[in-house]
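First comes the structure, then the notes that go with it.
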Amino acid sequence: MTTKQKALFIIFGGTGDLAQRKLYPSLFNLYKKGFLNENFAVIGTARRPWSNDHYQDVVRNSISGMEDTAQQANEFASHFYYQSHNVTDTNHYVTLFELAQKLDEKYQIGGNRLFYLAMSPHFFGTICEHLRSQNIVTANGYNRVIVEKPFGHDLASAIQLNDDICKFFPEEDVFRIDHYLGKEMIQNIAAVRFGNNLFKALWNNRYIDNIQITLSEALGVEERAGYYETSGCLRDMVQNHILQIVALLTMNAPVTFSDVDIRQEKISALKALQVYTPQEVKENFVRGQYTQGNGQVGYRQENQVAKDSVTETFVAGKLHVNSMSFAGVPIYVRSGKRLATKGTRIDVVFKNMPNNIFDCGQILPNVLTFNVDPIPAMSLRLNSKAVSQEGYGIEDNTLTYTHDNALRAQTPEAYEKLLLDALKGDATNFTHWQEVYYSWRFVDAIRQAWDQEKIDVETFPNYECGSMGPKAAFDLLAKDGNHWEFDPCHEG
Ligand code: NAD
């Protein structure tokens, strides 16, 4: 059902990349579908001295090609207002207050406000403080704050950032974006796990042998090298996206399918992550950096990267979730840049049959695969009889369900889904503070161990562009008698 939403968006960082590439197109889709209608307005703020007309041109540009008619795009853009605003200048909030009141009245919004902080987390505290002190929060509607990653760069800074926000906004009004949680196939994990008795029965350490999660990027650092040098793959991908996926795969069933119950179970799953000692980090985690190959330059040759940088552009690891259901099941994860292909994939590998009664044919373990990107699909590998005139052969076959072009065309983009959830106040697919806390607790132990350990300059950088990472990432599984199910370099 399309429920019309009433809201005033105040976007801090309205001229930025995120706003133009993700937020305006997502808002436009919600507008086209009727979720946003007459009763919405957007105030874009940033330091540049833009006029409303220029801002509306920028918005029209960012949705170019998506509109049915020029009039539709113009009507949409007419809801956008620009305010030149330095977030550290109190006077600018006085003007913002007045504009917000005026637009609330003009569009009959009823006091509902979404504050989207699409800028450096460094400013979150001061923005939240001013929103309260300058009365930009309302008494008659909701006041929600949406924040972007990164949420801190370690546990201590995340605690500080959270305190800075939560002094002014309660946890239930803080929506921490992890856009992976807006992806269809990530949301599908709960449907498959909690909607099928088959998997409910098998989803534990008696039947699951191991789980494998790959977030693979074909691109390098592009223009984000400055940020990436201070972050690295562990903070950029593991702390948030990968651990969120681990939580969804290993959490217990929530009592109801509501944000409170789901997030409670995710918190417990992340709390159950074994925090490694430095020795365990050595045994369970691998870091890598890309070197030139396949026509691409190495990481150290990228702009804004130090010539002797030891920043990791690749991470592989083996995680242990010490819960009743998952103790003893290795969760292998990996992510990296300049890998063989772009793709996000999850393989749940079940234990093999205890005994093979067939004398002609190998029995392979069943594998349930979620292909998240680029083409959403799900598959299940089964052993079955090979068609034959005589004899009885076994072969593996895969049942596959793929989102076809028509379905993919209808699928909302992650940001669109998440923005609508935030408008409705549904926090299911946003990260609770305690999830962030336990994720950083786990990641900090690895980061600290790595920072203490001297990297062998002879062997780092250690993987070629276009490969699937360093050899050690394959050895990590091989020493357990396992292998990556997703191996694009060796697929036929
Ligand atoms: P950006 O540099 O393109 O934009 C930053 C915005 O902040 C600009 O509008 C700039 O004018 C504004 N700004 C900076 N200082 C200001 C000040 N003192 N007062 C007022 N405005 C000020 O950055 P971005 O790529 O849009 O990213 C914004 C945030 O979102 C960052 O924290 C980033 O890590 C996060 N993020 C971005 C993406 C993405 O796809 N771009 C994805 C995930 C997370």
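Whatever order the structure lists them in is the order used to number ligands and atoms, beginning at 1. Numbers here simply count residues along the sequence, with the first being 1. All of these numbers come straight from a predicted model, not from anything done at the bench.
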Original post:
Hey, mind stepping through Q239 and V436 against side-chain contact (heavy atoms from CB on, under 4.5 Å) and telling me if it holds?
Top reply: CA-CA 8 Å; Q239 183 273 332; V436 177; 4.1 Å; yes

Subject >> Worked verdict on F12 versus H85 for ring pair (Phe, Tyr, Trp, His ring centres under 6.0 Å) >> reply: CA-CA 9 Å; F12 293 90; H85 180 104; 5.7 Å; yes

**OP:** List the steps, then state whether side-chain contact (heavy atoms from CB on, under 4.5 Å) holds for R300 with Q289.
**Re:** CA-CA 9 Å; R300 289 177 183 174; Q289 190 187 81; 3.2 Å; yes

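Protein heavy atom closest to atom 44 (C) of ligand 1, with residue, atom name and distance, is E148 OE1, 3.2 Å. Residue, atom and distance of the protein heavy atom nearest to atom 3 (O) of ligand 1 are D17 N, 2.9 Å. In this structure, the protein non-hydrogen atom closest to atom 12 (C) of ligand 1 is G13 CA, 4.0 Å. Looking only at heavy atoms of the protein, atom 9 (O) of ligand 1 is closest to T15 OG1, 2.6 Å. At the top of the distance list for atom 20 (C) of ligand 1, counting protein heavy atoms only, stands H85 O, 3.0 Å. The protein heavy-atom contact nearest to atom 18 (N) of ligand 1 is N86 OD1, 3.1 Å. In terms of protein heavy-atom proximity, atom 19 (N) of ligand 1 is closest to V87 N, 3.1 Å. Summary of contacts: the protein heavy atom closest to atom 38 (C) of ligand 1 is L18 CD1, 3.6 Å.
Taking any N or O of Y415, backbone or side chain, none lies under 3.5 Å from an N or O belonging to ligand 1. Close N/O approach between A118 and ligand 1 is not found [any backbone or side-chain N/O within under 3.5 Å]. Residue contacts with ligand 1: G16 is placed with a nitrogen or oxygen under 3.5 Å of a nitrogen or oxygen of the ligand (distance criterion only). Checked by distance only, ligand 1 and M119 come closer than 3.5 Å through their nitrogen or oxygen atoms. Geometrically, ligand 1 and A46 share no nitrogen or oxygen pair separated by less than 3.5 Å.
Distance screen at 4.0 Å: atom 26 (O) of ligand 1 has a protein heavy-atom neighbour inside the cut-off. Within the 4.0 angstrom cut-off, atom 23 (O) of ligand 1 has no protein heavy-atom neighbours.
Taking every heavy atom of P121 and a limit of under 4.0 angstrom, the matching atoms of ligand 1 come to 32 (O). Within the listing of ligand 1, atoms 34 (O) sit less than 4.0 angstrom from a heavy atom of P150.
How far CD of E229 is from CD of Q304: 9.0 Å, rounded to the nearest 0.5 Å.
Annotation: cation-pi pair R176/F151 present, NZ/CZ under 6.0 Å from the ring centroid and within 45° of its normal. By the 6.0 Å and 45° rule, R144 stacks over the aromatic ring of Y142.
The closest approach between a heavy atom of Y227 and any atom of ligand 1 is not below 4.0 Å. Contact annotation: R21 has at least one heavy atom less than 4.0 Å from an atom of ligand 1. At least one heavy atom of K149 sits less than 4.0 Å from an atom of ligand 1. Remark: distances from the non-hydrogen atoms of T88 to ligand 1 are all 4.0 Å or more.
Across all non-hydrogen atoms, the minimal contact from Y463 to T313 is OH-OG1, 2.9 Å. Taking both residues in full, the closest heavy atoms of Y24 and G14 are given as OH-O, 2.6 Å, listed atom of the first, atom of the second, then distance.
Considering F35, F76, F40, F80 as possible partners of F28, the one that fulfils the ring pair (Phe, Tyr, Trp, His ring centres under 6.0 Å) test is F76.
In terms of modelled atom types and a separation under 3.5 Å, the side chain of N429 and the main chain of G182 share no donor-acceptor contact. A donor-acceptor pair under 3.5 Å is formed between the side chain of S62 and the backbone N or O of V59. For the pair R338 (side chain) and Y290 (backbone), a donor-acceptor distance under 3.5 Å is absent.
Aromatic pair H241/H179: centroids less than 6.0 angstrom apart.
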